[in-house]
Number of protein chains: 2
Amino acid sequence: MNQKEKNDFPKERILNEAEILFAQRGYHAVSIREITNAAQCNLAAVNYHFGNKENLYLEVFRARWMPRARRVIDCFDKTLASQDSLSPRAVIQALTKAFLEGPLSDEERQRHHLLMARELAQPTKALELVAEQIMGPFFQKLADKLRVFMPENLGEECLKLNILSVFAVVLYFNFARVAVTRITGREYDPDFKARLMEQIIQFSLKGLGGSEKGDLR
Amino acid sequence: MNQKEKNDFPKERILNEAEILFAQRGYHAVSIREITNAAQCNLAAVNYHFGNKENLYLEVFRARWMPRARRVIDCFDKTLASQDSLSPRAVIQALTKAFLEGPLSDEERQRHHLLMARELAQPTKALELVAEQIMGPFFQKLADKLRVFMPENLGEECLKLNILSVFAVVLYFNFARVAVTRITGREYDPDFKARLMEQIIQFSLKGLGGSEKGDLR
DNA sequence: GTCTATAGCAGGATAGAC
DNA sequence: GTCTATCCTGCTATAGAC
């Protein structure tokens, strides 16, 4: 059975619509009626397939969010592997690219980040899940790649804080689109996004290590 | 009438409890019954004093969030005024300090940032209000203070993006406490917060301009 | 697996006594 | 201004026919 057919089962349609609505308005603001209407199926289908509303929410993370995050990480890995030499610039660039362009469509990415922003503001079991299976391992991978470029005397904690700072910049320009648009007066069109990527890379790279060309050992 | 007496009116108590609960769990997850119970007053009091739930939420921003934001900005202004010379380091330091230490208690600050994080993820009229009256003017002020230190050929947009990047780092370490604690294994105790402040200042300063000592003209 | 029907409850809002 | 009592809507969840 191919993907298209599979996506036409009510269970799949419910997951799709639930994700969209939860991302847009949050868990409590969305009713299962709304979800099943959007998915064009019966109200009772949610309870039949997922038991209850909370478990549907978790399943959105298990069956949608996490696979998508893995695609983003794969993209990061591939971009990095295609470079002939590993450098901080290459790492940051691959990271920024995977997060801001990468394999996701604009809507997909916005949904993805909104769901995570909500979890960070108000953690549920979903964050537990994601932190354990996705964020933790990926962060470790980043640390391993960057460690060799940092000064020898730099502690492990300092390395972590530096990487978190890079994440901060990358994520902020996604989470806080409203604020960014308001301040700069610019919409997130391809032009501005290219501009943003350049800004993020430059800023992070400098923040990470000093000047751009190889101060990092 | 002094502040203490004033705070004992039901209207004030409702605002206090509403802010706490909205920050903790978000608008939709909190009922006015819960709020009035916490405020030890009658259910009907919300509708009497604020008309309806939505307007109570807005009033939390008008009567609590915004005045508090003004206190933070005042703190920033005073810290900066106490320096004998204006430098990027002084500005960033004052900014970080005002946001991470500043005049707010830990609980107050967390509430404050949570409310804003929710607004950024899902903007309502409250963000409109705050953007117009607080964020916009403050951002302008920051830009004015930093502009003179940036290279002459640096465009206005680039300046804005740089300042936003600094905000990104400052705010992330507040918004994403859960993630930071999980990754670093450290709680936000005074010790770690001092460590964070140093990290944020260093990273931002480098990101902003290159090396720490005066590369910025 | 999918539907209808409905139980059972919690929410926002208001009327009207005090 | 504050209270009680109540209306009405909309929610989750389930029972049971098909």
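All of these numbers come straight from a predicted model, not from anything done at the bench. In the text below, chain A, chain B and the rest are named by the order of the sequence lines, each starting its count at 1.
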Can you see if the side chain of B:His49 gets near the phosphate of D:dT2 - specifically, an N or O under 4.0 Å from OP1 or OP2? yes
Checklist entry - Tell me, do A:Ile200 and A:Val166 make a side-chain contact under 4.5 Å, heavy atoms counted? => result no
Of D:dT12, C:dA13, C:dT2, the nucleotide closest to the side chain of B:Arg33 is C:dA13
Please work out if A:Ala44 contacts a base, only the sugar-phosphate, or nothing of the nucleic acid, heavy-atom cut-off 4.0 Å.
base
Whole-Å distance, A:Ile35 CD1 to D:dC11 P, equals 11 Å
Whole-Å distance, A:Tyr57 OH to D:dA13 C1', equals 21 Å
task: Could you tell me whether the phosphate oxygens of D:dT4, OP1 or OP2, come under 4.0 Å of any side-chain nitrogen or oxygen in B:Asn42?
output: yes
Presence of salt bridge, B:Glu59 and B:Arg62, under 4.0 angstrom: yes
Rounded to whole Å, CG of A:Leu43 lies from P of C:dT6 at a distance of 14 Å
Separation of D:dA13 atom P from A:Ile14 atom CD1, nearest Å, is 13 Å
>> Can you tell whether the side chains of B:Arg109 and B:Asp106 come within less than 4.0 Å, N to carboxylate O?
In response: yes
Regarding the side chain of B:Asn47, the nearest nucleotide among C:dT2, D:dC3, C:dA13 is C:dA13
(Q) Centroid separation under 6.0 Å, is that true for the rings of B:Phe175 and A:Phe175? (A) no
B:Ser31 vs C:dA10: side-chain N/O to OP1/OP2 distance below 4.0 Å:
no
